[in-house]
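Numbered from 1 within each chain, the chains take letters A, B, ... in sequence-line order.
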Amino acid sequence: MRIHRRGALPVLTLSLMLAAAAALGQGNAVDEIAKYRAALQDGNPAELWEARGADLWKQKRGPKNASLEQCDLGLGPAVVKGAYAQLPRYFSDADRVMDLETRIVWCMVKLQGFSEADAVKGPFGGPDRKSDMEAYVAYITSESRGTKMNVSLDHPKEREAYRLGEKMFHFRGGTHDFACATCHGEDAKRIRLQDLPNLTQTAGAQKAYTTWPAYRVSQGELRSFQWRLNDCFRQQRFPELIFTSDASIALTMFLARNANGALFDAPAIKR
Amino acid sequence: MKIRATVVGDSTEVRVLMSHEMETGQRKDAQGKVIPAWFIQNVVVAHNGKPVLNAQWGTAIAKNPFLSFKFKGGAKGDKIEITWVDNRGEKRTDETVVG
Amino acid sequence: MQNMRRKVLKAGGGMTLYALLIAAGWLKPGDAAAQAWNKGAFEAKSLDEALKGFGAASSAQSKDIAFVSTPDIAENGAVVPIGITSSIPRTEAIAILVEKNPNALAAIFEIPPGTEPAIGTRVKMAQTSNVYALVKADGRYYVAAKEIKVTLGGCGG
Amino acid sequence: MQRLHIARIAAAGATAAAAVLATIFGCATGPTDDELNAKAAAVLRASFKEQGQAKLDRLTQDDTQKTCSQYSGSAVPKDAAERIEKANLASIKWPADGKYLGDWASGERIAQEGRGMQYSDDPKGAVGANCYACHRLSPQELSFGTIGPSLYQFGKLRGYTDEVRKYAYGKIYNAEAYSACTNMPRFGHSGILSEQQIRDVVALLMDPASPVNK
């Protein structure tokens with residue numbers, strides 16, 4: 001069986017769609033794909049990551065043989081519930097704005113004694129390796145399901161991150177002159193058959209941001225928001241976005257804040 | 001495994017997610033080498049020790065498999081035990097109680 | 001692979017489903033089948049071979065088998081939800097076959113008395129294909145089919 | 001909180017609005033728009049690492065990219081638009097033999113191909129234009145995007161003239177020459193497609209035998 005890998009736009013698509021065209025108009029195709037997505041909601045393998053992450057969170061690990069349970073995700077030590085809905089945020093102990101992954105790395109260093117280099121290793125899972133980070137992310141984010149997005153811009157560094165993130169969102173570069181805004185700056189656009197959320201508007205940002213992380217059926221992996229940004233830039237023909245880099249945090253701040261007011265509803269399941 | 005068993009009317013609904021690669025044996029890695037098949041072949045679901053479903057799977061079951069079905073009877077607190085065996089002979093059993 | 005696909009296509013397109021199923025078999029019954037895996041049927045390269053692997057005598061199309069929560073189009077062939085229910089009395093087993101997969105047989109579910117003849121799972125589909133639900137009930141065989149179209153989109157990921 | 005909420009709305013709006021805000025409040029609101037642009041570019045540069053064929057120079061903007069980033073989400077001022085279009089038009093390398101039409105079937109393959117120039121792509125592998133990601137072309141292909149306009153019956157509607165062929169070639173070579181700050185990549189200018197590949201895509205649009213014109 002051929003399972004298509006990322007990057008390949010298979011020629012197969014044409015013949016398949018030719019077959020589909022015979023029986024269905026495009027409107028029907030879109031309706032049917034909506035049914036497909038609905039059918040997937042019934043059992044989301046992201047739960048497997050959530051369960052693994054919850055176990056890992058409590059495990060004593062690292063040079064200090066400590067668990068991450070005392071990690072302060074912004075609502076105080078050991079508070080996990082609802083924490084993700086207020087991230088990214090300014091942390092005074094680090095004197096900087098952090099997103100979830102950056103904060104987990106911080107806690108792995110401070111509480112468990114890992115080196116920073118070890119803590120950022122293997123951020124994304126693949127065919128032969130499971131990512132502990134994605135398991136942590138699945139668990140922590142699942143504890144904000146149903147919580148209203150409430151990202152603050154009270155601190156000057158939070159405001160700066162937001163405004164830098166907005167600038168980066170519109171930054172055109174690479175061989176193709178693409179910016180995030182190229183695909184995500186207008187309403188009701190599609191790439192191939194995929195709907196593109198307009199991330200500059202509240203409704204689009206809310207719908208998109210509250211459904212990441214997600215189990216991607218095309219990859220059989222749970223994907224974090226850091227991964228989402230990383231892979232968007234790959235397709236933008238940019239170099240590789242560094243995990244937990246300042247740009248990744250600023251962009252996350254821009255998008256998370258734009259989603260304020262919506263109920264967080266992830267980990268989700270997507271194509 | 002992530003198992004959910006709930007009483008619905010006079011039946012018990014069982015929904016389970018399993019963590020498994022379900023490699024088809026048809027794919028190639030980056031170096032062009034065929035990735036060997038690795039998949040769950042048998043699944044047995046037991047309710048208080050009595051089999052309520054017995055499945056044989058091929059390579060076409062999707063990665064991180066999902067299974068749902070219902071059986072008559074069952075009550076809160078009953079034990080549901082699920083075992084899978086894959087083509088490498090690896091075996092995993094998890095259990096839960098009906099909620 | 002290409003060759004094999006053509007062969008499958010020919011078998012699927014050239015013969016009626018009923019003819020395909022004539023002389024096609026079902027898995028060997030055996031109550032101690034807990035760990036049995038029907039190698040012949042699962043490794044068969046085509047639909048008719050897979051059906052022969054079962055060793056059934058005959059089967060008939062049935063309106064009493066339904067696909068539920070099964071979309072007409074799959075956005076991604078790597079995960080295609082399939083739900084099958086049978087209202088045929090004394091249903092003993094349900095099998096799922098995907099005609100154009102390299103190995104047509106995807107799964108066999110044995111249904112002991114007391115278990116409802118209704119299962120849900122997810123299969124991989126290599127391409128747009130007919131999917132067959134094969135039911136064994138009271139020693140006889142019944143079948144229903146549904147075409148599921150497989151699309152790919154976006155940037156190819 | 002209310003005050004900050006208002007500030008957020010302003011920041012989330014067009015870049016021009018942010019610039020106005022910065023002007024009104026001056027230093028009180030922090031960096032100016034130019035300072036913010038410069039800082040964003042610097043932070044970006046420090047936040048990426050080269051991978052495969054994608055080196056860090058891809059983050060170095062030319063005037064077109066820089067200007068279009070500045071006006072992204074708002075209208076481009078007329079003088080800036082004219083400057084961009086003029087410079088990009090001058091950069092177009094026209095085929096020496098004056099022939100714009102290649103093989104439409106090859107053009108269809110290029111239009112379908114999504115790979116090329118990503119760090120995950122084999123640098124020696126196929127490079128396509130992925131036209132269907134954004135445009136409707138051949139009616140048989142239902143999986144098309146809508147970021148760009150439909151190009152179905154492109155030649156049939158405009159006429160199979162040398163002038164339209166030349167326009168199609170130039171537009172694919174460097175779309176910024178015709179429409180400043182378009183979303184469309186500059187396929188020839190940026191070295192994504194070869195001269196022959198562009199001709200083949202022109203044929204997909206302009207050959208009367210192409211499915212696009214059926």
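- The part of D:K55 that comes within reach of chain A is its backbone (N, CA, C, O), which places non-hydrogen atoms under 4.5 angstrom from that chain.
- In this structure, the side chains of A:D177 and D:C68 stay at 4.5 Å or more apart for every pair of heavy atoms.
- The CD1 atom of A:I191 sits 6.5 Å away from atom CG of D:N130, with the distance rounded to the nearest 0.5 Å.
- For A:F169, no part lies under 4.5 angstrom from a heavy atom of chain D.
- The nearest pair of heavy atoms linking D:N183 to A:F178 is O-CE2, 3.8 Å.
- Taking CD1 of D:I192 as the reference point, atom OG1 of A:T175 lies at 5.0 Å (rounded to 0.5 Å).
- D:Y71 is not listed as a side-chain neighbour of A:H170, based on a closest heavy-atom distance of 4.5 Å or more.
- Residue D:A126 does not touch chain A at all, counting heavy-atom pairs closer than 4.5 Å.
- Of the two parts of A:L196, only the side chain, counted from C-beta on, holds a non-hydrogen atom closer than 4.5 Å to a non-hydrogen atom of chain D.
- Interface remark: D:E176 contributes side-chain atoms only to the contact with chain A (heavy atom separation under 4.5 Å).
- Under the 3.5 Å distance criterion, the side-chain polar atoms of A:R237 are matched with a main-chain donor or acceptor of D:G116.
- Counting heavy-atom pairs under 4.5 Å between each of D:G148, D:A54, D:G128 and chain A puts D:A54 at the top.
- Only the side chain of A:E160 comes within contact range of chain D, with heavy atoms under 4.5 Å apart.
- The two residues A:P239 and D:E50 come nearest to each other via the heavy atoms CB-CA, 4.2 Å.
- Considering CZ of A:F171 and CD of D:Q65, their distance stands at 7.5 Å, rounded to 0.5 Å.
- Rounding to the nearest 0.5 angstrom, the gap separating the NE2 atom in A:H176 from the CZ atom in D:R58 is 8.5 Å.
- Within 6.0 Å of CD in D:Q196 there are more than 12 heavy atoms belonging to other residues, nucleotides or ligands.
- Atoms NZ and CG, on A:K167 and D:L36 in that order, are 5.5 Å from each other to the nearest 0.5 Å.
- In this structure, chain D has a heavy atom under 4.5 Å from the side chain of A:F233, while its backbone stays farther away.
- For the atom pair CD (A:E240) and OG (D:S47), the distance works out to 12.5 Å, reported to the nearest 0.5 Å.
- Of all the heavy atoms in A:R172 and D:C181, the pair that sits closest is NH1-O, 3.4 Å.
- Residues A:M168 and D:V43 meet the side-chain proximity criterion, which asks for heavy atoms closer than 4.5 Å.
- With D:Q118 contributing its side chain and A:Q236 its backbone, the two residues share no donor-acceptor pair below 3.5 Å.
- Using a 4.5 Å cut-off between heavy atoms, A:E186 contacts chain D through its side chain alone, with no backbone atom that close.
- Inter-residue side-chain proximity for A:R192 and D:C134 is flagged as unmet; no heavy-atom pair is nearer than 4.5 Å.
- Between chain A and the options D:T64, D:L56, D:I147, D:T60, heavy-atom pairs under 4.5 Å are most frequent for D:I147.
- With a threshold of 4.5 angstrom between heavy atoms, A:A188 approaches chain D through N, CA, C or O but not through any side-chain atom.
- With hydrogens and angles ignored, the 3.5 Å screen pairs no side-chain donor or acceptor of D:T146 with any backbone N or O of A:K189.
- At least one side-chain heavy atom of A:R234 sits less than 4.5 Å from a side-chain heavy atom of D:Y119.
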